[in-house]
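What follows is a single structure, written as C-alpha cells, with notes after it.
The structure presented is a predicted model; accordingly, all values stated were derived computationally and were not measured.
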Amino acid sequence: MNSGIVPISDVQLALSVILVLIAGGISAMLRLGLLKSLAWGTVRTFVQLTFIGYVLKYVFSANNLWIIAGLIVVMCFIAARASVQRTPNVPSYPVALAFWSLLASTVLVGFVVVRIIINPEPWYSARIVIPVFGMILGNSMNGIALSLDRLYGEVKSRADEIETLLAFGATPWEAVRGCVREAVRSGMTPTVNSLMVVGLVSLPGMMTGQILGGADPHEAVRYQIVVMLMIAAAVAIGCLLLVGLSYKKMFTPDGALKPEVCESKK
Amino acid sequence: MAKLFEIKDIVFSPGPGKGRIRVSGILDEGSIMAVRGPSGSGKTTLLRILARLREPGEGQVLLEGRMWSEFAPVAWRRMVHYAAQKPVMFNGKVGENLSMPFELAAVQGDMAFDRSRAMAYLKRLCLSESILEQDARTLSGGEAARVALVRALIVEPRILLLDEPLAALDAKAASAVMDLVSEWAVEEPGRGIVLVSHTGDISALPRVTIVEIGTEEGGSR
C-alpha cells in the first residue's frame with residue numbers, strides 16, 4: 001500500500017522554507033505586519049509536528065489502549081481550550097463544558113467508525129484511532145467554537161425578545177430556542193458546505209495524503225467518504241451537546257437572563 | 001378592598017455607583033400602584049425585580065398573602081407580567097405577535113388565543129382590524145406600544161407591570177390606554193396594575209396609590 005511513497009529528505013524539507021520566505025517577502029513588501037507571525041508560525045509548525053511525530057512513533061509502537069485513551073483526552077482538552085478562546089462574543093466560559101462536549105461526541109462517533117466501520121485488528125490500533133479521532137476533533141473544535149460564539153451573539157442581540165418571552169412565562173428553553181437553532185446551524189454550516197463541494201472544489205487532506213503515500217485512489221476515496229460523514233455526525237453532536245449545556249448557564253436560578261451574558265469578552 | 005400584592009422592604013441599587021433604595025407598598029384588588037421618581041431612580045429596575053427578571057438585594061413580594069418564593073419563577077412571571085417600555089415586536093404579522101404568548105406552555109395550559117377579544121381591545125385603542133395583517137416590524141412606535149399592551153392584557157396576568165405605557169402616544173391614544181387599563185383592572189376579580197409613567201396625570205386615575213422612589217427610603221401614601 002505504501003510502495004509508491006516518495007520520501008522527503010532533511011534538505012528537501014529545509015527547502016520548503018523557501019515557500020514561507022516568498023510569503024514573508026510579500027508581507028514585507030506590502031507592509032502587512034505578518035512577518036513575525038509567519039516566522040513564529042513556521043517555527044511552531046516544525047517543532048509541533050516533529051514533536052508529535054516522535055509521540056506518534058512511540059504510541060504506534062506501544063499500541064496500548066490506555067496510552068491511546070490518554071492521548072485522546074489530552075487532545076480533547078487542548079481542542080476545548082482552543083475553541084473557547086476563539087469566541088469573542090462569550091465573556092467567560094468554563095473549558096470543562098467544551099471538553100465534555102468534545103469528548104462525548106468524539107468518542108461516540110470515533111468508536112462507531114473504528115469499531116464498526118473500519119474494524120482493524122486490534123480494534124484500538126493507534127495507527128487508525130489517532131488519525132480518525134484527530135480529524136474528528138479538529139473539525140468539531142471549529143464547529144463548537146462557531147456555535148458557542150453564535151449562541152452568545154444571538155442572545156445578546158435578541159435580549160429584548162428573550163426577556164419579553166420570559167415575561168410571558170416562557171421557560172429559558174422556550175425563550176432561547178430560536179437562538180439555539182441558529183447556533184447549531186452556524187456550527188454545522190462549514191461541514192455541510194464541505195460535504196457539498198468535496199471532490200469538486202477541494203480534495204481533502206486525508207485523501208490527498210493517502211494518494212501521496214501511494215494508496216489506490218479508490219481506496220482513499222472510500223476512507224474519505226467515511227471521514228466526511230463521521231465529521232458531519234461529530235460536529236452535529238458536539239454542537240448540540242455544547243449549546244444544550246450552555247444555554248442554561250445564561251440564566252439565573254430564577255430563570256432570568258444574566259446581565260453579564262450581554263457583555264463581550266474583554 | 002382585599003390586599004392583592006404587597007412589596008415588603010425590597011432593597012436594590014438602580015445601577016453602578018448609585019445608592020440603595022428601599023421600597024414598600026400595597027396594591028389592593030382592582031387598584032393601580034403608580035411608581036414615581038426622577039429619571040434613573042430605579043423605577044424600571046423595580047418593575048423588573050417584581051417580575052423576577054432581576055434579583056433584589058433583599059426583601060419580599062407577596063401575592064394574595066403568599067411569598068414569591070412559594071411560586072416557581074415561570075408561574076410567577078405568568079401571573080405578574082412585565083410590559084417593557086420599549087415594545088418588542090417579533091418577526092411576523094401583528095396577529096402572530098398577539099397569539100405568540102399562547103404558544104408558550106405556561107399560557108397554553110390556561111387559555112387559548114381569543115381573536116375577537118384582541119380585536120375589541122385594539123379598537124378601544126384606536127387601531128383598526130387591518131393592523132392584524134400588517135408586518136409587526138413596520139409599526140410606528142405608538143402603534144407598537146398599543147399592540148404590546150393588548151398582547152399583555154389578553155394573557156390575563158394577575159398583576160400587570162406597565163413601564164411608561166404612554167411614552168410614545170399622543171394625548172388621545174394615551175387617554176384611551178389609561179381608560180382601558182383602569183377598566184381592565186376591575187373587569188375580573190384578583191387583578192391589579194403597577195405603573196411607571198412620566199406623562200399623564202396618573203394621580204387623577206381612580207383607585208391609585210402613589211409610591212415615591214429615588215431616595216434611601218420609599219413608601220406608599
Side-chain angles (χ1 to χ4, degrees), chain A residues 89-94 147 150-186 189 240 243-266, chain B residues 15-16 44-45 47-56 68-69 71-92 97-111 136-137 144 148 151-163:
Chain A
N89 279 316
V90 186
S92 66
Y93 193 82
S147 279
R150 184 62 178 266
L151 178 68
Y152 275 76
E154 283 284 316
V155 169
K156 190 158 76 172
S157 66
R158 291 160 69 173
D160 288 347
E161 289 182 18
I162 291 166
E163 285 227 319
T164 301
L165 287 167
L166 291 174
F168 277 110
T171 59
W173 167 249
E174 285 175 317
V176 296
R177 198 164 34 193
C179 302
V180 165
R181 204 177 293 133
E182 285 305 313
V184 175
R185 192 200 306 270
S186 170
T189 297
L240 265 177
V243 168
L245 290 171
S246 304
Y247 87 86
K248 286 182 183 169
K249 296 189 68 63
M250 304 169 119
F251 293 88
T252 65
D254 260 4
L257 201 55
K258 287 181 181 169
E260 62 267 27
V261 168
C262 298
E263 294 165 6
S264 293
K265 196 178 270 179
K266 297 277 184 292
Chain B
T44 295
T45 308
L47 293 192
R48 287 165 50 80
I49 287 171
L50 297 180
R52 288 173 78 172
L53 290 169
R54 197 193 138 159
E55 287 172 6
W68 59 359
S69 51
F71 297 88
V74 166
W76 180 266
R77 286 192 281 266
R78 167 74 185 94
M79 291 184 294
V80 181
H81 175 72
Y82 169 66
Q85 179 179 356
K86 193 176 141 201
V88 172
M89 289 291 119
F90 295 86
N91 269 333
N97 266 267
L98 290 171
S99 63
M100 178 276 299
F102 298 88
E103 291 164 17
L104 303 173
V107 182
Q108 218 168 37
D110 281 352
M111 59 197 302
R137 304 232 171 170
R151 190 172 58 189
L153 295 176
I154 58 176
V155 296
E156 297 185 6
R158 304 290 302 280
I159 308 294
L160 184 55
L161 310 170
L162 292 175
D163 195 354

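Contacts classified as side chain to side chain donor-acceptor pair (under 3.5 Å) and involving residues 100-111 of chain B (residues at least two apart or in different chains) are given here: Arg78(B)-Asp110(B).
Between Glu174(A) and Val74(B) the shortest side-chain heavy-atom distance does not fall below 4.5 Å.
By the 6.0 Å contact criterion, NZ on Lys258(A) is enclosed, its count of non-hydrogen atoms from other residues, nucleotides or ligands being greater than 12.
Summarising the geometry of Ala106(B) relative to Gly169(A), their closest heavy-atom pair is CB-O, 3.4 Å, with the distance given to 0.1 Å. When all heavy atoms of Leu104(B) and Leu165(A) are compared, the closest pair comes out as CD1-O, 3.9 Å. Pairing each heavy atom of Phe168(A) with each of Ala152(B), the nearest pair is CE2-CA, 4.1 Å.
Using a 4.5 Å cut-off between heavy atoms, Glu161(A) touches chain B through backbone and side chain atoms alike. Contacts between Met79(B) and chain A at a heavy-atom distance below 4.5 Å are absent for every atom of the residue. Contact of Arg48(B) with chain A is made through the side chain alone, with heavy-atom distances under 4.5 Å.
Taking OG1 from Thr164(A) and CE from Met89(B), the interatomic distance works out to 8.5 Å, rounded to the nearest 0.5 Å.
Among the candidates Ala148(B), Ala84(B), Ala105(B), the residue making the largest number of heavy-atom pairs closer than 4.5 Å to chain A is Ala105(B). Contact count versus chain B (heavy atoms, under 4.5 Å) is highest, among Ala167(A), Ala256(A), Pro172(A), Gly255(A), for Ala167(A).
For residues 245-254 of chain A, heavy-atom neighbours of chain B at less than 4.5 Å comprise Thr252(A), Pro253(A), Asp254(A), sorted by residue number.
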